[in-house]
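Quick note: numbers below take in every heavy atom, side chains included, and nothing from hydrogens, waters or symmetry partners. Residue numbers start at 1 and run along the sequence shown.
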Amino acid sequence: MSGDPVPTLTAERDARALHSDGHAIHPGEIAIGVIIGRTSEFFDFFVYAIASVLVFPKLIFPFLDPLQGTLWSFAIFALAFITRPVGTLIFTAVDRAYGRGAKLTIALFLLGGSTASIAFLPGYAEVGLAAPLLLALFRMGQGVALGGTWDGLASLLAINAPSDKRGWYAMIPQLGAPLGLFVASLLFAFFIAALPAEDFLAWGWRYPFFVAFAINVVALFARLRIVVTPEYARLFEDRELEPAPISETVSADWRIIVMGAFAPLASFAMFHMVTVFPLSWVFLYTENSPVDFLVIEAVAAIVGTIAIVISGSLADRVGRRTLLGSSAVAIAVFSGFAPQLLSSGEAGEIVFMLFGFALLGISFGQSSGALSSMFTKSHRYTGSSLTSDLAWLFGAAFAPLIALWLGAQFGLLAAGAYLLSGAIGTLVALWFNRELAKNID
């Protein structure tokens with residue numbers, strides 16, 4: 001990046017000095033950093049998502065019936081996705097002024113601080129309407145922080161991938177989602193099973209949020225270990241993976257940002273339809289134990305992990321565009337019948353979750369950075385971050401809320417309508433974007 005050297009924090013300078021021995025850069029090292037970072041972020045995400053179903057409706061909205069309480073809980077859940085682009089705007093400025101290490105440190109401590117604050121959240125019985133307002137504030141804090149956790153390692157990994165292994169390397173960042181879900185589901189299942197209901201609602205649910213804070217701290221140092229070394233700093237600069245002004249990026253590459261946000265819409269909508277939404281439906285409308293379903297979800301996460309790995313090999317054989325399009329068609333078919341399985345007892349839930357996660361893994365495994373190669377080099381770092389923010393906002397932010405409302409009003413078949421709209425969005429993006437067809441394979 002041209003201009004005066006970017007000032008650095010003392011901790012960042014110490015980290016660079018510690019690792020200034022000229023060690024070689026290995027793709028595996030980048031991959032480990034990417035997986036650690038994404039797993040910590042998704043663990044945070046799923047801890048909050050599970051609490052949105054099992055805790056907040058009773059703790060924060062006890063004056064509403066269970067359905068209305070859950071819908072309001074999902075409305076607050078969406079705030080993180082709405083504020084995430086704001087975080088990108090703020091932390092891009094921090095990155096340009098103080099460097100990537102400073103940005104990551106501030107963002108991850110804000111994320112951890114917001115998460116830990118939720119662990120101390122008082123209920124409606126103690127502070128009245130201040131409880132949902134505080135929850136909304138902390139949730140927005142998480143969203144702003146997530147906008148600053150973009151470290152560029154995923155883009156660096158994709159750029160350095162061999163031409164015949166692009167699909168394989170593209171799936172690596174996506175592994176963080178099922179790994180985070182696996183740990184979060186089992187952690188909540190343990191506390192629910194080990195504690196009486198009143199103890200769980202009083203204090204047991206708070207422990208996973210403390211764990212999330214601890215994992216964020218570990219992830220911070222693991223990522224700083226990579227991004228602040230002189231070798232990686234030079235590699236980021238050589239690849240022009242440096243922050244550009246957002247206004248300049250949007251002005252130059254707005255079409256790529258828009259199309260990049262819609263291309264993975266099917267997989268991002270599917271993401272919540274098989275993670276957050278089914279937990280809410282089972283908890284509200286069946287007699288099944290949440291512990292049993294959380295265990296099913298953890299097993300399904302393993303299936304999803306395997307499917308993400310398989311997506312890498314498939315994409316390298318048939319092309320990422322073909323795989324994304326085929327997955328969107330499969331998701332459209334899935335949306336037409338599979339949600340009804342959630343009302344078919346535990347066997348139906350298992351089939352829905354295992355089949356859904358297998359399909360999610362194939363699709364989600366290739367949804368990251370589908371158009372990143374189309375950005376001009378100087379805008380790739382910032383453009384990729386903005387595209388990710390918008391894809392999550394359009395595809396996932398309101399998915400649990402809309403799906404639960406549709407299901408409650410019109411039945412489970414209607415809940416699949418939101419998922420169908422995501423599949424249509426992806427197919428339209430793939431059909432009309434001729435440049436995508438030339439660049440994504």
Side-chain angles (χ1 to χ4, degrees), residues 38 41-42 45 75 77-93 95 107 111 139-140 142-152 154-155 158 170 173-174 176-177 241 243-273 276 320-321 324 328 331 363-364 366-376 379-402 418-419 421-433 435-436 439-440:
R38 291 296 180 87
E41 291 170 17
F42 277 111
F45 171 90
F77 174 80
L79 291 177
F81 299 94
I82 297 171
T83 56
R84 184 169 174 168
V86 177
T88 295
L89 178 66
I90 295 171
F91 283 104
T92 296
D95 196 342
L111 178 60
R139 183 59 176 164
M140 288 189 288
Q142 287 183 316
V144 171
L146 284 170
T149 58
W150 184 262
D151 53 21
S155 295
Q174 309 303 81
L241 284 175
I246 288 181
S247 58
E248 176 187 308
T249 302
V250 173
S251 177
D253 291 325
W254 66 269
R255 184 170 179 267
I256 302 172
I257 292 172
V258 172
M259 296 307 298
F262 279 91
L265 214 57
S267 60
F268 280 25
M270 182 73 169
F271 184 89
H272 280 172
M273 284 297 294
V276 185
R320 293 184 70 192
R321 178 178 182 268
L324 280 175
I331 289 173
S363 176
F364 187 69
Q366 297 302 311
S367 66
S368 177
L371 273 69
S372 60
S373 63
M374 296 171 61
F375 286 109
T376 53
H379 298 140
R380 178 175 289 169
Y381 179 84
T382 302
S384 296
S385 179
L386 282 173
T387 300
S388 177
D389 292 346
L390 294 176
W392 281 110
L393 175 60
F394 296 146
F398 302 99
L401 176 64
I402 294 175
Y418 186 86
L419 183 56
S421 69
I424 293 173
T426 290
L427 292 171
V428 169
L430 295 174
W431 178 264
F432 283 104
N433 193 353
E435 293 176 326
L436 176 62
N439 287 277
I440 199 174

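- Summarising the geometry of Thr249 relative to Ala244, their closest heavy-atom pair is OG1-CB, 3.7 Å, with the distance given to 0.1 Å.
- Phe262 is listed as a side-chain neighbour of Val258, based on a closest heavy-atom distance under 4.5 Å.
- Between the Ser367 side chain and the Phe364 main chain, a donor and an acceptor come within less than 3.5 Å of each other.
- Without hydrogens or angle criteria, Arg38 side chain to Gln174 main chain gives no donor-acceptor distance under 3.5 Å.
- Across Gly422 and Ala269, no two heavy atoms sit closer than the pair CA-CB, 4.5 Å.
- Minimum interatomic distance between Ser385 and Gly147 (heavy atoms only, all atoms of both residues): OG-O, 4.5 Å.
- Between atom CD1 of residue Ile402 and atom OG of residue Ser421 there is a gap of 7.5 Å, rounded to the nearest 0.5 Å.
- Between the side chain of Thr426 and the backbone N or O of Ala263, at least one donor-acceptor pair lies under 3.5 Å.
- The aromatic ring centroids of Phe394 and Phe81 lie 6.0 Å or more from each other.
- Annotation for Phe77 and Pro400: closest pair CE2-CG, 4.0 Å, computed over non-hydrogen atoms.
- Side chain of Thr149 to backbone of Leu146: a donor-acceptor contact under 3.5 angstrom is found.
- Nearest heavy-atom pair across Ala266 and Leu419 is O-CD1, 4.2 Å.
- Checked against a 6.0 Å centroid threshold, the rings of His272 and Tyr418 do not count as neighbours.
- Without hydrogens or angle criteria, Arg84 side chain to Leu393 main chain gives no donor-acceptor distance under 3.5 Å.
- Of all heavy-atom pairs between Met140 and Thr83, the closest is O-OG1, 3.4 Å.
- The line from CG of Leu265 to CG of Leu430 is 10.5 Å long, rounded to the nearest 0.5 Å.
- Ring geometry, Trp392 versus Phe271: the interplanar angle exceeds 60°, so the pair is classed perpendicular (tilted spans 30 to 60°).
- With rounding to the nearest 0.5 Å, the separation of OG1 in Thr382 from CD in Glu248 is 8.5 Å.
- Judged by distance alone, with hydrogens and angles left aside, the side-chain atoms of Ser251 form no donor-acceptor pair with the main-chain N or O of Ser247 at under 3.5 Å.
- One distance of note links CH2 of Trp431 with CD1 of Ile424; it measures 15.0 Å at 0.5 Å rounding.
- Checked by atom type and distance alone, the side chain of Ser384 pairs as donor or acceptor with a backbone atom of Arg380 at under 3.5 Å.
- Between Leu386 atom CG and Thr92 atom OG1 the span is 6.5 Å, to the nearest 0.5 Å.
- Atoms CD1 and CD1, from Ile90 and Ile246 in turn, are 9.5 Å apart once rounded to the nearest 0.5 Å.
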